[in-house]
Amino acid sequence: MLRLKLNTLLGKQSLHKILRSLTVLGIETSCDDTGAAIVDDTGQVLAQEIHSQQQMTIRLGGVIPPIARRLHEENIERVVTATIESSNIPVEQLDGIACTVKPGMPLSLLVGLKYARELVRRAKNVPFLPVHHMQAHALTVRMVDRVAFPFLVFLLSGGHCLLAIVKDVEDFMLLGESIDTSPGEAYDKVARRLKLKNLPECDGMSGGESVERVARRGDPHKFVDRYPATMSKYRDCNFSFSGMKTTTMRLIEREEEKHGIVGDGILPNVCDVAAAFQLSVGRHLLKRLQRCLVFIDYNDLLPKHNRTLVLSGGVACNSFIRQVIGQLCDHHEYDLVCPPPQLCTDNGVMVAWNGMEKLKVGKGIASDPELVDIEPKCSIGPSMIRKVQEANIQVPRFKIDLTKFS
Ligand code: KG4
Ligand code: ZN
C-alpha cells in the first residue's frame, strides 16, 4: 500500500532509486517473438511489450527465417522504446541490459544482439548480460516462487524438449533431450493437418492451444492404440516426437478418406484424433521422466526430502500435460511447480529476469559487448546422457489415471 502511494507521488523511476532496487531490461528475438521487458530484483515486471509473429507463423505453416528477421527488424525499435518509456527509467539508469544470444534462429538472434549492443553503447556504463534462452525459461519460475537450487527442470517448447538439473544460475546438467523434433512443433503440425484454424473456437490460438482445446471433448482411447511405444528400446531420458507425428498424419489421412473429407473440411471425429495424439505425447513424456527420476535417486542428484520439478516452456501451458506430469510427481514425492502460462512462453520478461539473476550473483556479465556473438546451437550445460544410458534403468509401467483430470 505504502509502495503504491509513493509510486503515485514520485513515479516508478524515483521510487525504485530511493528503494535501491535493481532493474534489468531484457530483449528476446530468438525465434518469432520480439519481446522486451524491465524487471526489478523482487521479480516485479515494471514494463513489457511484445510483438508476436504467431499469426504469420500459422499462415505460413512455420517460421521462415528471413521473414522472421524482417519482422524483428520492423518491430524491435518500437517494442524496446515503448518498454523503456513505460517504465519511466532512463536507459542509463538501468543496472543491466540482457539479450538472448543462444540458442535460436541465427537471423533472428542477430537482430536482438545488434540492437542490444547499440543500446549498451548509448547507455555507457550499463553492464551487458548475454542470455541462454533455455536457461532463461528454466529460471523464470523464481520470479514468482521460492524455488531453491538445485531443482529438476523439464522444458517443453516449440524448439526444445529437455530435462536438466539446475544447480545454480549458470550451472546446468543435461539429463535428456529430443533426438529429433520438439513437442511444440509436433503439436503445431498436427493442428495444421487437422485444419483447426478453420474452427472459430480456435481463432488466434497457437497450434498447441487449439489441439488441447479440441482434445478436451475427445475420447483418446478411440485411436491411442494406433500409436506404437516410442523409443522403448532406449534406456535413457531422450525424447522423440517425429514417429508420433507421422502416425497422426497417417491416421488423419485414413480418417479423411473414410469420411470423404476434402479441402477445408474438418473430420467429424477431430476431437478423438487430437485426444489420442495428446495422450501419446503425455505417455512418452511420462516414461522418459520416470527414468530420469529414478536416475536422480540412484545418483543423489537432488536432496531426498525437498525435491522440485519445474515444468516450463510454451507446451507447459497445456493443462493435460501438467496433470499427467503432476500424477508422476505425486507418486515420486516431487513438488511440481509450473510458472503461470504467460511466463512459460517466450517474452522479454524471462530474459530480463535471467539477466537479473546473473547480476545479483555477479556472473555472466560480458566484459566487452562488442565481442559477444550469437550461438544458434548451444547445450544448456554439460551432458549426463551417456551416464543415464550406462545406468540401463528399466522402469515399471505407470498408468495415467484419466478419471482424475479436470
Ligand atoms: O516456449 P515457446 O513460447 O517458444 C519456443 O521457445 O519455442 O513455445 C511455443 C510452442 C508452440 O509450438 C505452441 O504451439 C506451443 O508452445 N504451445 C502449446 C500450448 N500453448 C503453446 N502446446 C501445447 N499446448 C498448449 N496449450
Ligand atoms: Zn522458448
Side-chain angles (χ1 to χ4, degrees), residues 26-35 50-58 60-63 65 68 100-105 108-109 112 131-141 153-162 164 177-178 181-194 196-197 201-202 204-216 218 241 244-245 248 274-275 277-282 284-285 310-325 338-351 353-354 376-378 380:
I27 299 174
E28 159 64 30
T29 63
S30 68
C31 186
D32 59 350
D33 290 305
T34 318
I50 191 151
H51 175 268
S52 166
Q53 302 177 14
Q54 186 176 295
Q55 290 315 311
M56 176 71 92
T57 306
I58 292 174
L60 298 174
V63 185
T100 306
V101 300
K102 59 190 169 187
M105 294 167 45
S108 294
L109 285 170
V131 164
H132 187 297
H133 183 84
M134 304 312 288
Q135 292 184 356
H137 268 306
L139 298 189
T140 30
V141 69
V153 72
F154 198 179
L155 295 179
L156 304 168
S157 76
H160 297 269
C161 179
L162 64 83
E177 64 185 345
S178 175
T181 185
S182 69
E185 199 262 348
Y187 264 100
D188 291 340
K189 283 275 151 59
V190 169
R192 191 172 159 75
R193 184 63 188 80
L194 285 171
L196 298 183
K197 70 174 183 342
E201 64 177 306
C202 297
M205 287 184 178
S206 68
E209 283 172 286
S210 47
V211 171
E212 178 182 12
R213 171 113 188 182
V214 297
R216 276 202 197 120
F241 299 93
M244 260 173 254
K245 217 170 66 179
T248 316
F277 162 74
Q278 187 160 261
L279 179 56
S280 98
V281 172
H284 179 53
L285 296 176
V310 171
L311 180 64
S312 195
V315 181
C317 296
N318 185 302
S319 92
F320 175 84
I321 300 289
R322 285 182 182 210
Q323 292 181 67
V324 165
I325 289 171
C338 309
Q342 71 275 15
L343 288 182
C344 280
T345 52
D346 288 358
N347 51 54
V349 176
M350 62 187 250
V351 182
W353 178 251
N354 194 260
K377 287 200 165 45
C378 180
I380 197 168

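In each ligand, atom 1 is the first atom listed, and ligand 1 is the first ligand listed. All residue numbers refer to positions in the sequence shown, counting from 1. Since the model is a prediction, treat every value here as computed from it, not as a measurement. Below, each value reflects all heavy atoms present in this structure, side chains not excepted, and no hydrogens, waters or symmetry copies.
The side-chain heavy atoms of Y187 and N318, taken from C-beta on, include a pair separated by under 4.5 Å. Counting only heavy atoms from C-beta outward, the side chains of Q135 and C378 never approach each other to under 4.5 Å.
Distances from the Zn ion (ligand 2) under 2.8 Å pick out these protein N/O/S atoms: H133 NE2, H137 NE2, D346 OD1.
In summary, the atoms of ligand 1 found under 4.0 Å from a heavy atom of T345, numbered by their order in the structure, are 3 (O). Shown in contact with H137 at under 4.0 Å from a heavy atom are these atoms of ligand 1, numbered in order with element: 1 (O), 6 (O). For ligand 1, the atoms lying closer than 4.0 Å to a non-hydrogen atom of G159 are 7 (O). Against a heavy-atom cut-off of under 4.0 Å, G158 is close to the following atoms of ligand 1: 5 (C), 7 (O), 8 (O), 9 (C), 10 (C), 12 (O). Each of the atoms 6 (O) of ligand 1 lies under 4.0 Å from some heavy atom of H133. Atoms of ligand 1 lying under 4.0 Å from any heavy atom of G184, numbered from 1 in the order shown and given with element: 12 (O).
One option in C344, G208, A136 has a heavy atom closer to atom 23 (C) of ligand 1 than any other, and that option is G208. Among D188, T100, V315, the residue whose heavy atom sits closest to atom 14 (O) of ligand 1 is D188.
Between F241 and S182 the shortest heavy-atom distance is CD1-C, 3.9 Å. Scanning all heavy atoms of the two residues, the minimum distance from T345 to M350 falls at O-SD, 3.8 Å. Across all non-hydrogen atoms, the minimal contact from S312 to L343 is OG-O, 4.2 Å. Listed here is the closest heavy atom pair of G218 and A275: C-CB, 3.9 Å. For the residue pair C344 and C317, the shortest heavy atom distance occurs at CB-SG, 3.8 Å.
On a distance-only criterion, D346 and ligand 1 share at least one N/O pair closer than 3.5 Å. The shortest N/O to N/O separation between G314 and ligand 1 falls below 3.5 Å. Distances between N or O atoms of Y187 and those of ligand 1 include no value under 3.5 Å.
Of all the heavy atoms of E209, the ones lying under 4.0 Å from any atom of ligand 1 are found in both the backbone and the side chain.
With hydrogens and angles disregarded, a donor-acceptor distance shorter than 3.5 Å links the side chain of T29 to the backbone of S108. Using modelled atom types, no side-chain atom of S30 and backbone atom of G104 make a donor-acceptor pair closer than 3.5 Å. Looking at T100, its side chain never comes within 3.5 Å of a backbone N or O of V131 through a donor-acceptor pair.
Between the side chains of D346 and H133, at least one donor N or O lies within less than 3.5 Å of an accepting N or O.
Annotation: atom 24 (N) of ligand 1 to nearest protein heavy atom, N318 ND2, 3.0 Å. For atom 26 (N) of ligand 1, the closest non-hydrogen atom on the protein side is E212 OE1, 2.8 Å.
Salt bridge absent: R213 and E209 never bring a charged side-chain N and a carboxylate O closer than 4.0 Å.
Contact analysis leaves C31 out of contact with ligand 1, as no non-hydrogen atom separation drops below 4.0 angstrom.
With sequence neighbours excluded, no residue forms a ring pair (Phe, Tyr, Trp, His ring centres under 6.0 Å) with H160.
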